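Data first, discussion second: the structure below is written as structure tokens.
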Number of protein chains: 2
Amino acid sequence: MNSDFSLAVHSLLLLAHHSEQMITSDVIAASACVHPVRARKILSLLCKNHYICSKEGAGGGFFLAKHATDIWLDELYQLISTGSLKPKCPKRNDDCLIGSNIEHVLEGIFSEAEKQVVKFLNGYNIADVLKLIKQEQN
Amino acid sequence: MNSDFSLAVHSLLLLAHHSEQMITSDVIAASACVHPVRARKILSLLCKNHYICSKEGAGGGFFLAKHATDIWLDELYQLISTGSLKPKCPKRNDDCLIGSNIEHVLEGIFSEAEKQVVKFLNGYNIADVLKLIKQEQN
DNA sequence: CTTAATGTAATAATAAATATTACAGTTAAA
DNA sequence: TTTAACTGTAATATTTATTATTACATTAAG
């Protein structure tokens, strides 16, 4: 999986950890060690899906739109990373029983497998993850 | 996930479907639309793990070392794709509570999630998948 | 107005995946 | 006993995916 999911979770954890103040994309990007434009792209997606709010202009930034206990990893996974479990298939080969059908069959199996992942991630919200992060620190 | 898992499964399905004869890496590669050298690399891994046997020299090739009902997707996933579910994390940031601990915490969560995937894939062997492929054809 | 922010498209650079080349080792059979 | 057809594998090149960068429009505070 690429790092979009981690970046989204990182951003939300940071906003949850400083829930009293607004935070800029530059601060989030520096904390996550990614480029601010990329951070804004992910933040923009989180805005559109009502996990956070943004305020434009000087003194602007981002803040949580929901309590950290109401942001669940399964939803974030589905928003950002659906399909990433499924193994890529090389080019379809219509001259071959296997080559013409393997992609669709693996698609079926791995979309079910992904449901198990989603069900498991439903056990964690951002507040839970922040708690784990703090425990880690000790 | 990259296509190594699909390629391994494709190879095993082909060998299961033609279980009476030996098949060369060139035939397998052509069926899967990948380069023969890459096919041999995966086949070599399957050999070392006793899923298939190889015979070198003229008239050589590959054949199953086990019955198709004894080759399970969970084992193949663990052999080939362990860790591919875990989201990549950008660079660690020791100046930051989140940035210094997120990787380890996500590692923990996603390695548990991956166990769910493995448990689910334990429901499918190569014979099952071949049956699904044949059903698909109709 | 000017400065500090978000929003986003277009392009460049880097990293990961895949293909290709090259060649050594093995075996059947001409 | 040499040749052709295979596997085995390292080293390199190409392609694709990911990430960073540049550029600029928009918004709002002071």
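Since this is a predicted model, take the numbers as computed values, not measurements. Just the heavy atoms: all of them, side chains too, but no hydrogens, waters or symmetry mates, feed the values below. Residue numbers begin at 1 in each chain, while the letters A, B, ... track the order of the sequences.
Where A:Ser3 and A:Val37 meet DNA chain D, the nucleotide closest to each residue was compared, and A:Ser3 sits on the side nearer the 5' end. DNA chain D is contacted by both A:Arg40 and A:Ala58; A:Arg40 maps to the nucleotide lying nearer its 5′ end (nearest heavy atom per residue).
Classification of A:Glu114 and A:Lys86 as a salt-bridged pair fails, no side-chain N sitting under 4.0 Å from a carboxylate O. A salt bridge links B:Arg38 with B:Asp4: the distance from a Lys NZ or Arg NE/NH1/NH2 to an Asp or Glu carboxylate oxygen falls below 4.0 Å.
Residue A:Met22 contributes atom CE, which lies 10 Å from atom P of C:dA5 at whole-angstrom precision. Look at CD1 on A:Ile42: it is 14 Å from C1' on C:dG7, rounded to the nearest Å. The interatomic distance linking B:Asp26 (CG) with D:dA4 (P) rounds to 17 Å, in whole Å. Between the C1' atom of D:dT9 and the CG atom of B:Leu43 lies a distance of 14 Å, rounded to the nearest Å. Taking atom CD1 on A:Ile52 and atom P on C:dG7, their separation rounds to 8 Å, with Å as the unit. As a whole-Å value, the separation of A:Ile28 CD1 from C:dA5 P is 12 Å. If you measure from atom CG of B:Leu45 to atom P of D:dT9, you get 11 Å, rounded to the nearest angstrom. Between the CD atom of B:Gln21 and the C1' atom of D:dC6 there is a distance of 16 Å, rounded to whole Å.
At D:dT19, one or more side-chain N or O atoms of A:Arg38 fall inside 4.0 Å of OP1 or OP2 (strictly under the cut-off). Remark: B:Ser44 is in phosphate contact with D:dT9, judged by side-chain N or O atoms under 4.0 Å from OP1 or OP2. For the OP1/OP2 pair of D:dT7 and a distance below 4.0 Å, the side-chain nitrogens and oxygens of B:Ser25 include at least one atom meeting the criterion.
Residues A:Phe110 and B:Met1 are in side-chain contact: their nearest non-hydrogen atoms beyond the backbone lie under 4.5 Å apart. The shortest distance between side-chain heavy atoms of B:Gln116 and A:Lys119 does not fall below 4.5 Å.
Which of D:dT18, C:dT6, C:dG25 sits closest to the side chain of A:Glu56 comes down to C:dT6. Each of C:dT18, D:dT21, D:dT7 was ranked by its minimum atom distance to the side chain of A:His35; first place goes to D:dT21. Taking only side-chain atoms of B:Thr24, from C-beta outward, the nucleotide of D:dT9, D:dT7, D:dA20 with the closest atom is D:dT7. For B:Lys88, the listed nucleotide lying nearest its side chain is D:dT19; candidates were D:dT19, D:dA17, D:dT7.
Within 4.0 Å of B:Lys55, counting heavy atoms only, lie sugar-phosphate atoms of the nucleic acid but no base atom. Contacts of B:Lys41 with the nucleic acid, taken as non-hydrogen atoms under 4.0 Å apart, are absent. A:Lys91 comes within contact range of no nucleotide atom at all, as no heavy-atom separation falls under 4.0 Å.
Looking only at atom types and distance, the side chain of A:Arg40 has no donor-acceptor partner in the side chain of A:Thr24 under 3.5 Å away.
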